Amino acid sequence: MTEARRRDRNRVDTDKRIRTVARTLLVSHGRQAVTLRAIAREMRITAPALYRYYDSFDDLIQQVCADICADLAVELTEGLAAVPADDTTGQVFAVCRGFRAWAIRHPQEFTLVFATPGTTRGEQPNGDDPFGRVFLTVAARVLANRAMTIPADADVPPDLRS
């Protein structure tokens, strides 16, 4: 392996480790614990060294949000796989229930991505939003079918049935 390839691989590995450390701090201690100094301390590097990988702290947080949304999209997609493609109503329920279950299991990540003012939700630098794609795919099926029937035995509050 050439020195340039090794350096690129090390850069990718370090970049991933930075985001992993930031996310671990978020989950363990909350949003306020995610600072450049805390990340650098965990990695045993200096805080200014992080600027070799990210333009700003906000850039780092946006990348962490993108990682969270990508993981959420994978989980929701796996849940959708268990629902027949022609069961639009079942798919809507699967996505909504999957999202709710994920939010309950991941309160710190949910808060960062979906409840923090000024945080850009998980869009990748290339404009891809895997989480949004899952929801839009199901919404497109609802629109294409022009109807969504809610089974009488579905666990839906009565005021949401109209």
Side-chain angles (χ1 to χ4, degrees), residues 1-83 85 88 90-143 160:
M1 179 179 300
T2 67
E3 182 63 30
R5 275 198 223 154
R6 188 173 313 135
R7 208 171 318 139
D8 288 343
R9 190 187 73 214
N10 288 342
R11 181 173 180 75
V12 169
D13 291 344
T14 302
D15 178 41
K16 184 174 180 170
R17 175 134 164 68
I18 291 167
R19 294 190 321 266
T20 299
V21 167
R23 194 165 170 181
T24 300
L25 287 167
L26 171 70
V27 170
S28 300
H29 305 292
R31 171 70 171 85
Q32 71 284 355
V34 183
T35 65
L36 292 177
R37 285 185 183 194
I39 294 166
R41 184 174 37 254
E42 290 289 322
M43 295 188 65
R44 299 180 192 268
I45 61 174
T46 65
L50 295 171
Y51 287 105
R52 292 183 197 139
Y53 299 90
Y54 298 96
D55 294 334
S56 65
F57 177 73
D58 289 339
D59 181 31
L60 169 59
I61 294 300
Q62 183 175 351
Q63 292 302 312
V64 171
C65 288
D67 290 347
I68 291 167
C69 286
D71 291 348
L72 171 57
V74 167
E75 189 171 319
L76 293 176
T77 301
E78 289 170 355
L80 278 174
V83 180
T88 306
Q91 290 180 347
V92 170
F93 280 113
V95 168
C96 292
R97 287 182 176 132
F99 179 67
R100 182 178 185 276
W102 175 87
I104 290 167
R105 285 192 321 275
H106 301 273
Q108 296 290 359
E109 291 153 311
F110 173 84
T111 300
L112 176 68
V113 176
F114 298 102
T116 303
T119 300
T120 303
R121 190 197 79 244
E123 187 172 307
Q124 300 286 339
N126 63 2
D128 185 28
D129 181 358
F131 168 73
R133 192 175 340 106
V134 171
F135 271 93
L136 290 175
T137 299
V138 172
R141 289 181 188 139
V142 169
L143 292 172
L160 294 180

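Quantities reported herein were computed from a predicted structural model and do not represent experimental measurements.
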Does anything in residues 103-117 form a salt bridge (charged side-chain N to carboxylate O under 4.0 Å, His left out)? List the pairs, not counting sequence neighbours.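 Checked against salt bridge (charged side-chain N to carboxylate O under 4.0 Å, His left out) - neighbours excluded - the pairs reaching residues 103-117 are Arg23-Glu109, Glu75-Arg105.
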With the side chain counted from C-beta on, respond yes when [X] and [Y] share a heavy-atom pair under 4.5 Å apart, and no when they do not.
X	Y	result
Trp102	Asp71	no
Leu76	Leu80	no
Leu72	Phe99	yes
His106	Ile68	no
Ile18	Tyr54	yes
Leu60	Ile39	yes
Leu36	Tyr51	yes

Which pair of heavy atoms, one from [X] and one from [Y], lies closest together, and at what distance?
X	Y	value
Ala33	Ala38	O-CB, 3.5 Å
Gln108	Gly30	OE1-CA, 3.5 Å
Val113	Cys69	CG1-SG, 3.6 Å

Going by the side chain to side chain contact (heavy atoms under 4.5 Å, CB included) test, name the single residue among Val92, Val83, Thr88 that passes it with Val138. Val92
Pick one: which of Thr111, Ile61, Leu25 meets side chain to side chain contact (heavy atoms under 4.5 Å, CB included) with Arg31? Ile61
Arg11 and Asp15 ion-paired at < 4.0 Å: no
